[in-house]
Protein chains: 2
Amino acid sequence: MTASIERAKGAAPGSARLGATRHQLRADAQRNHARVLEAARAVFAEQGIDAPMTLIAEHAGVGIGTVFRRFPTKQDLVVALVQQRGEQLVEAAEAALASDKPGDAFRSFVSLAAEQQIRDRGFCDSIGTQLFAREDLRELFDGVRERVGRMLDRAIEAREVRSDIVAADVLFVLHGVARTGLMLEDGAPGVWRRYLGLALDGLRPEAATALPRKAPTKRQVDNAACGGG
Amino acid sequence: MTASIERAKGAAPGSARLGATRHQLRADAQRNHARVLEAARAVFAEQGIDAPMTLIAEHAGVGIGTVFRRFPTKQDLVVALVQQRGEQLVEAAEAALASDKPGDAFRSFVSLAAEQQIRDRGFCDSIGTQLFAREDLRELFDGVRERVGRMLDRAIEAREVRSDIVAADVLFVLHGVARTGLMLEDGAPGVWRRYLGLALDGLRPEAATALPRKAPTKRQVDNAACGGG
DNA sequence: GCAGAAGCGGAGCAGGCACTCCGGTTACAG
DNA sequence: CTGTAACCGGAGTGCCTGCTCCGCTTCTGC
């Protein structure tokens, strides 16, 4: 269940090597690790998270055994990919926070985040799986949310965004847009931008109407992202 | 593949039946048909469309063989359920069209439609499957869309809704809200209303911003609902 | 009450999946 | 070059699906 991705090769077999330091992967193993990641990225992005592992092995030009040696579980592989995406998000958020036009920065961050999910079906699928239960990912997710929160504060202060929403709201709305966008993407590429536009207009202060419910608490959000279903 | 769901209740039981028409189901078969539908409704609503057929049989108190005799395919069973939901939608739309407050009527219709998906996970799952490729469902879907279109026209004329959206937009936004809402529903029941509120505010004229893309064409919508993925 | 048709149930089938296991191969230290 | 630990590949396993098949049971018209 909680298999660690990295090869925790334990105490060195015959030699007097220190048990503490894990030694480096062999060259071919390193190559394969990279190949698998790359292939998984491509396959999951196009086919979604339900793509079979054999397909990834095939795409990477290695045997399935090799895939599972590098990533003991399908989930481990997915987590590795989601982690990359998360880091990209943090980076983008950081850039948005550096801008001096809070409204525009906010909107283009959101747009970028949506596009990320549109272009990577697997990433979109991953959200809402019990995936974020894992400590490592939860931490990353919190980082994103915290930055979005700051981004939001600035945009609200600039009267570019309604004042009754929180960071989690943005992420949820985002995911909703991506989900619907993906339904249409094959037949009408780019229409997701239309729905993102509608969603963003809903976040503007001009049309703001009292929301019927309070924002979900952090625990509720975590439980959701982590999925109980 | 194209099995008819309804139990062609034909001529009166005891009477002289024509050889051509298929006669009525036996009493126990009718009972089981109803039981299966009921069970499927309940199971799919709670667990989503991926719930195994055996579970439905169990829940209905019949063998799997019986389930598959009534509904030769899992998809047939799902279609039967979706059809019911569609008819409910048409009904609700009709009621909304009869109201003399176009804005309120529109919003409460949308709210009802969202709730329908929230309360029936299976129905929500069904949308975006290639399900709507089937003629029978497509027709029903068109009926819903046409009514939503009229509803929309009235609301737009009353300046309660922005003028640059079409019926399909509403349905897509709706589904997006439902999808996100379902993620949270277990941990924070009812929060979907918050996101529906945000979405509805995005449809108001006050904050309307030029949308970056044209609305999807009918063909594109059908292809989407019908699913290419 | 009595055929016999209609219906029932659930063992079994086929297929797809994540994951394992082990004989053979390869990289690399000495 | 050589020994060996690390690594590779892919046939195989176990599990879970949707769906079928057929001997048995139940309803129903006469």
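All values derive from a computational prediction rather than experimental measurement.
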Review point. Looking only at side-chain N and O atoms, does A/Arg31 come under 4.0 Å of OP1 or OP2 in D/dC7?
Key: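 For D/dC7, OP1/OP2 do not have a side-chain N/O of A/Arg31 under 4.0 Å.
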Review point. Within the structure, does a side-chain N or O atom of B/Asn32 lie under 4.0 Å from either OP1 or OP2 of C/dC8?
Key: yes
Practice item. Give every residue pair that meets the side chain to side chain donor-acceptor pair (under 3.5 Å) criterion with at least one member in residues 171-182 of chain A, sequence neighbours excluded. Key: A/Gln117-A/His175, A/Asp125-A/Arg179
Point to revise | side chain to side chain donor-acceptor pair (under 3.5 Å) contacts in which one or both residues fall within residues 48-62 of chain A, not counting sequence neighbours | key: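 Listed once each, the pairs would be none.
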Review point. Counting heavy atoms not belonging to A/Gln30, are there more than 12 under 6.0 Å from its CD?
Key: yes
Can you tell me how far [atom2] of [N] sits from [atom1] of [X], to the nearest Å?
X	N	atom1	atom2	result
B/Leu55	D/dC19	CG	P	16 Å
A/Arg70	D/dC7	CZ	C1'	7 Å
B/Gln30	D/dT28	CD	P	9 Å
A/Leu25	D/dC8	CG	C1'	14 Å
A/Gln24	C/dA27	CD	C1'	13 Å

Going by the rule salt bridge (charged side-chain N to carboxylate O under 4.0 Å, His left out), which residues pair with [X] if we only count those two or more places apart in sequence or in a different chain?
X	value
A/Lys218	A/Asp142, A/Asp222
A/Arg107	A/Asp104, A/Glu160
A/Asp28	A/Arg26
B/Glu115	B/Arg119, B/Arg193

Check your understanding: Residues two or more places apart in sequence or in another chain: which of them pass ring-ring contact (aromatic ring centres under 6.0 Å, His included) with B/Tyr195?
Key ->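 Counting only residues at least two positions away or on another chain, B/Tyr195 forms a ring-ring contact (aromatic ring centres under 6.0 Å, His included) with A/Phe172.
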Exercise for review: Establish whether the base of C/dT26 is bridged to the side chain of A/Arg26 by a donor-acceptor pair shorter than 3.5 Å.
Suggested key: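 Counting by modelled atom types and ignoring angles, a donor-acceptor contact under 3.5 Å is found here.
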Review point. For the side chain of B/Thr217 and the backbone of B/Gln220, is there at least one donor-acceptor N/O pair under 3.5 Å apart?
Key: yes
Below 3.5 Å between N/O atoms, which protein atoms pair up with nucleotides 21-24 of chain D? Just atom names and distances, please.
none

Check your understanding: Taking for each residue the nucleotide of DNA chain D bearing the nearest heavy atom, is the 5' side occupied by B/Asp28 or by A/Gly61?
Key ->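 With B/Asp28 and A/Gly61 compared, the 5'-side residue is A/Gly61.
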Check your understanding: Out of C/dG9, D/dC8, C/dG7, which nucleotide sits closest to the side chain of B/Val62?
Key -> C/dG9
Where do N or O atoms of nucleotides 15-19 of chain C meet protein N or O atoms at under 3.5 Å, pair by pair?
from   : atom 1 : to      : atom 2 : distance (Å)
C/dA18 : OP1    : A/Lys74 : NZ     : 2.5
C/dA18 : OP2    : A/Met53 : N      : 2.9
C/dC19 : OP2    : A/Lys74 : N      : 2.7

